[in-house]
Amino acid sequence: MRLLEYQAKELFKKYGINVPNSLLINNVEELEGAKNLGFPLVLKAQLPVGGRGKSGAIVKVKNESELKQAYLTLRNKTIQGLKVDKILAESFFNHTSEFYVSYFENRSDRCFSIIATAAGGIEVEEVKEKFVSNFGLEGPSDEQLNQAASYLGFNGVLKDRCVSLMKKLYKVFDESEAELVEINPLAVSEGDFAALDAKIILDDNALFRRPELKPYLPEDVSVEEAEKFGFNFVPLDGDVAVVGNGAGLVLATLDMVSSIGLSPACFLDLGGGASPERVQSALEFLSTSLPNMKILFINVFGGITNSVSVAQGFLEAKGRGFLNKPFFLRLSGAGEIEARELLRKNGINSFIDIEDALKALKEYGKR
Amino acid sequence: MSYTLLRSWLSGEKSAKGAKVLVQGITGRYGRLHTELMMSYGTNIVAGVTPGKGGESVNGVPVYNTCKEAVSKHGVDASIVFVPAQNYLNAVREAFEAGIELVVGITERVPVRDTIRSIHIAKQYHGDIIGPNTPGLIMPNDIKIGIMPVQPFLQGDTLVLSRSGTLTYEISNYLRKAGIGIYAALGIGGDPIISTNFIEVLEMARENNRIKLVVLIGEIGGDAEERVAEYIKQIDSRKKMVAYVAGRSAPKEKRMGHAGAIIMGNVGTVESKEKALNDAGVPVAKMPWEVAELAKKML
């Protein structure tokens with residue numbers, strides 16, 4: 001789960017990491033309070049995406065007379081497919097140079113790493129000159145952090161302050177069980193450091209033992225709803241709802257649907273061993289919570305999941321009126337003959353081969 | 001250096017048939033179901049463990065409170081873990097402390113830091129962990145320590161390595177239809193950090209001449225497939241391999257079902273993996289069914 005900037009900064013503040021003064025603006029009425037921050041200030045759309053500067057999600061406001069208009073313009077924007085909602089008003093932090101510091105879980109080396117570079121403010125993957133050092137669960141050593149601070153070109157008091165900041169940042173990383181914490185840019189001005197942006201990605205699987213992080217979790221109603229049922233659900237922009245059993249198979253099915261020029265409306269993994277009730281509630285959930293769905297494409301490879309259970313759940317959903325969109329159903333593997341017979345008796349066509357189901361979808365999509 | 005149990009199986013030095021297997025979390029719904037299914041495949045399940053349920057039995061298999069008891073009564077080679085994520089680390093620790101050499105972690109949603117801790121424990125005891133978040137391991141006709149359906153897996157000479165479950169079944173089924181059998185199919189796990197990775201498995205199987213082909217089933221996220229490509233180029237260029245990588249159409253920065261299936265910035269795209277594999281001479285199928293066609297050409 002990726003935290004929004006203002007949430008990550010709240011966490012930073014708790015750990016004593018300096019961030020510019022700011023105020024979260026939920027609506028135009030709350031804008032009044034932003035004036036106390038002084039001018040110039042920056043308005044920053046709170047969206048969980050990268051490259052906000054380039055996509056116009058961050059606006060500098062020079063004086064009070066520009067504030068309201070700047071807010072309203074930003075508020076009405078859609079950036080990288082997401083509607084702007086919350087906006088952070090932040091004091092402009094005058095600074096001389098920008099840096100980058102992050103801790104992340106290193107998948108390849110199965111440990112953690114620190115990255116530091118003097119090229120702050122840009123995408124770190126594009127930076128060739130950077131300090132990277134690995135460490136384990138015990139955290140980075142003082143020597144590693146001193147090396148990182150020296151690499152950034154600091155010495156004397158500034159180096160000590162930089163090391164101290166990196167220690168605090170590690171504490172955030174460790175105690176919130178994050179996959180990533182990142183300050184980009186980290187600004188320096190007359191001996192002061194400030195985190196101008198903040199990015200934290202939490203390990204969702206560790207949240208059960210981090211109750212203090214609950215208030216930070218972004219609300220996504222449809223995703224929460226799906227979690228209650230135990231589905232793995234990712235809403236997408238297109239119009240073909242893609243459902244299947246097993247994450248890899250559903251992911252491959254998204255690729256198949258995209259390869260014939262159609263666009264997926266969601267990723268929904270029923271999980272292993274789905275019962276008829278589970279299948280039925282998945283279809284109910286889609287019909288009520290996914291307004292952009294125009295076609296339903298179901299790909300089930302039976303194994304631990306029995307095709308008959310899928311067929312039963314499917315018929316149940318149909319009986320209750322949750323199948324009000326054109327659908328294509330592929331059932332293969334365990335129980336396929338019985339399942340297809342059951343569907344056929346109820347006037348429903350299904351496919352054994354995924355290639356045939358895809359062909360039929362393509363034909364329909366052309367219309 | 002002595003071989004680990006997993007390595008001796010994959011290198012062909014030792015048969016896995018009849019190996020003694022323990023089920024941790026045997027009294028849960030999945031534990032029970034899969035104990036029965038593994039036994040009907042012929043896996044030698046000798047005992048189960050659920051703390052507090054010692055003295056019960058599941059499908060005729062005796063249940064103990066601790067791994068230590070189970071091991072002292074039966075002698076155990078490998079363990080399969082179905083316990084909830086909160087108990088995963090303790091279960092793995094207990095298994096290795098009791099002297100078990102191989103742990104297959106079916107458990108989903110294990111915190112990354114617990115996985116890292118469990119990897120340290122495995123190293124300490126010179127054991128192996130497959131997973132977590134894996135469908136497990138099947139060596140057709142010899143052993144199944146996992147949750148996969150058995151129909152798609154015909155015995156043969158192909159090693160299937162994968163980051164996902166059902167996609168492995170689907171592709172193995174296409175292989176079966178094409179008359180291509182399987183030496184072993186192993187899911188390394190769908191998490192960002194996993195215990196035994198592709199390269200380690202390939203290394204274990206390197207000297208096994210019975211393996212004629214490797215089918216690699218990857219997905220978006222991380223650089224595991226790129227590293228395999230590097231391994232093929234640098235270390236084992238004789239190995240014939242075909243691949244499929246899922247997630248060509250996935251959006252960035254969204255977790256697609258598996259915790260590890262996420263594109264971060266420019267890292268973890270299908271394009272990058274496909275290019276690296278192609279550069280190493282590994283053809284990459286665009287669709288799952290094309291894997292079998294490519295495999296036929298290779299053999």
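Residue numbers start from 1 in every chain, and the chains themselves are labelled A, B, ... in the order their sequence lines are given, proteins ahead of strands.
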remark   = Lys123(B) meets the side chain to side chain contact (heavy atoms under 4.5 Å, CB included) criterion, sequence neighbours left out, with Ile119(B)
Heavy atoms from other residues, nucleotides or ligands near CG of Leu82(A) exceed 12 (cutoff 6.0 Å) = yes
key: 4.5 Å side-chain heavy-atom contact, Phe301(A) and Thr168(B)   = no
note = Exactly one candidate in Ile116(B), Val112(B), Thr115(B) meets side chain to side chain contact (heavy atoms under 4.5 Å, CB included) with Glu105(A); the answer is Val112(B)
key: Rounded distance (nearest 0.5 Å) linking atom CE of Met287(B) with atom CG of Leu358(A)   = 7.0 Å
task = Return the option, out of Gly50(A), Ala247(A), Ala206(A), Ser108(A), with the maximum number of heavy-atom pairs under 4.5 Å with chain B.
result = Ser108(A)
message = Taking the basic N atoms (NZ, or NE/NH1/NH2) and the acidic carboxylate oxygens, is any pair closer than 4.0 Å for Asp191(B) and Arg107(A)?
response = no
remark   = Looking only at Gly248(A), Pro48(A), Cys111(A), Gly244(A), most heavy-atom pairs under 4.5 Å shared with chain B are made by Gly248(A)
key: Residues Arg227(B), Asp109(A): salt bridge by 4.0 Å N-O rule   = yes
key: Heavy-atom neighbours of Glu338(A) CD exceed 12 at 6.0 Å   = no
note = Cut-off 4.5 Å, heavy atoms of chain B, and the answer for Asp203(A) is side chain
Whether over 12 other heavy atoms sit under 6.0 Å from Lys296(B) NZ = no
ask   = How many angstroms lie between atom OG of Ser249(B) and atom CE of Met256(A), to the nearest 0.5 angstrom?
value = 10.5 Å
key: Side chain, backbone, both or neither of Ile201(A) within contact of chain B (heavy atoms, under 4.5 Å)   = side chain
message = Please classify the contact of Leu236(A) with chain B as side chain, backbone, both or neither, using a heavy-atom distance under 4.5 Å.
response = side chain
ask   = With only heavy atoms counted, which part of Asn173(B) is less than 4.5 Å from chain A, the side chain, the backbone, both or neither?
value = side chain
task = Would you mind checking which part of Asn205(A) comes under 4.5 Å of any heavy atom in chain B, side chain (CB onward), backbone (N, CA, C, O), both or neither?
result = both
ask   = Within the side chain of Asp255(A), is there an N or O that forms a donor-acceptor pair under 3.5 Å with the backbone of Ala246(B)?
value = no
request  = Against chain A, label Ile171(B) side chain, backbone, both or neither, depending on which of its atoms sit under 4.5 Å from a heavy atom there.
outcome  = neither
note = Looking only at Ile194(B), Ile199(B), Ile220(B), Val150(B), the option with the highest number of non-hydrogen pairs under 4.5 Å against chain A is Ile194(B)
key: For Asp353(A), salt bridge (charged side-chain N to carboxylate O under 4.0 Å, His left out) partners two or more places apart   = Lys177(B)
request  = Any chance you could measure Arg248(B), atom CZ, to Ser259(A), atom OG, to the nearest 0.5 Å?
outcome  = 9.5 Å
ask   = Short question: side chain of Arg113(B), backbone of Ala178(A) - any donor-acceptor pair under 3.5 Å?
value = yes
query = So how far is it from Phe208(A) CZ to Arg109(B) CZ, rounded to the nearest 0.5 Å?
reply = 10.0 Å
task = Sort Glu253(B) into side chain, backbone, both or neither according to what part of it lies under 4.5 angstrom from a heavy atom of chain A.
result = side chain
key: Among the listed options His258(B), Met148(B), Arg255(B), the residue most often paired with chain A at heavy-atom distances under 4.5 Å   = Arg255(B)
ask   = If you count heavy-atom pairs under 4.5 Å between each of Asn106(A), Asp269(A), Val300(A), Asn245(A) and chain B, which one has the most?
value = Asn245(A)
task = Return the option, out of Arg117(B), Lys252(B), Glu108(B), Glu226(B), with the maximum number of heavy-atom pairs under 4.5 Å with chain A.
result = Arg117(B)
key: Between CD1 on residue Ile262(B) and CD on residue Glu179(A), distance to nearest 0.5 Å   = 7.5 Å
remark   = The interface call for Pro135(B) against chain A, heavy-atom contacts under 4.5 Å, is neither
query = Side chain, backbone, both or neither: which part of Pro192(B) has a non-hydrogen atom closer than 4.5 Å to chain A?
reply = both
request  = Tell me, for Ile217(B) versus chain A, whether the close heavy atoms (under 4.5 Å) come from the side chain, the backbone, both or neither.
outcome  = neither
message = Under a 4.5 Å cutoff for heavy-atom pairs, which residue among Lys286(B), Lys254(B), Glu170(B) has the most contacts with chain A?
response = Glu170(B)
ask   = Do other residues, nucleotides or ligands put more than 12 heavy atoms under 6.0 Å from Asp237(A) CG?
value = no
key: CG on Leu251(A) to OG on Ser164(B), rounded to 0.5 Å   = 8.5 Å
task = Side chain from CB out, backbone as N, CA, C, O: work out which of these in Leu254(A) comes under 4.5 Å of a heavy atom of chain B, or both, or neither.
result = both
request  = Give, as side chain, backbone, both or neither, the part of Tyr88(B) having an atom under 4.5 angstrom from any heavy atom of chain A.
outcome  = neither
Winner by heavy-atom pair count (cut-off under 4.5 Å) against chain A, out of Gln151(B), His34(B), Met264(B) = His34(B)
message = Can you tell me which of Ala261(B), Ser195(B), Pro251(B), Ala224(B) forms the most heavy-atom pairs within a distance under 4.5 Å of chain A?
response = Ser195(B)
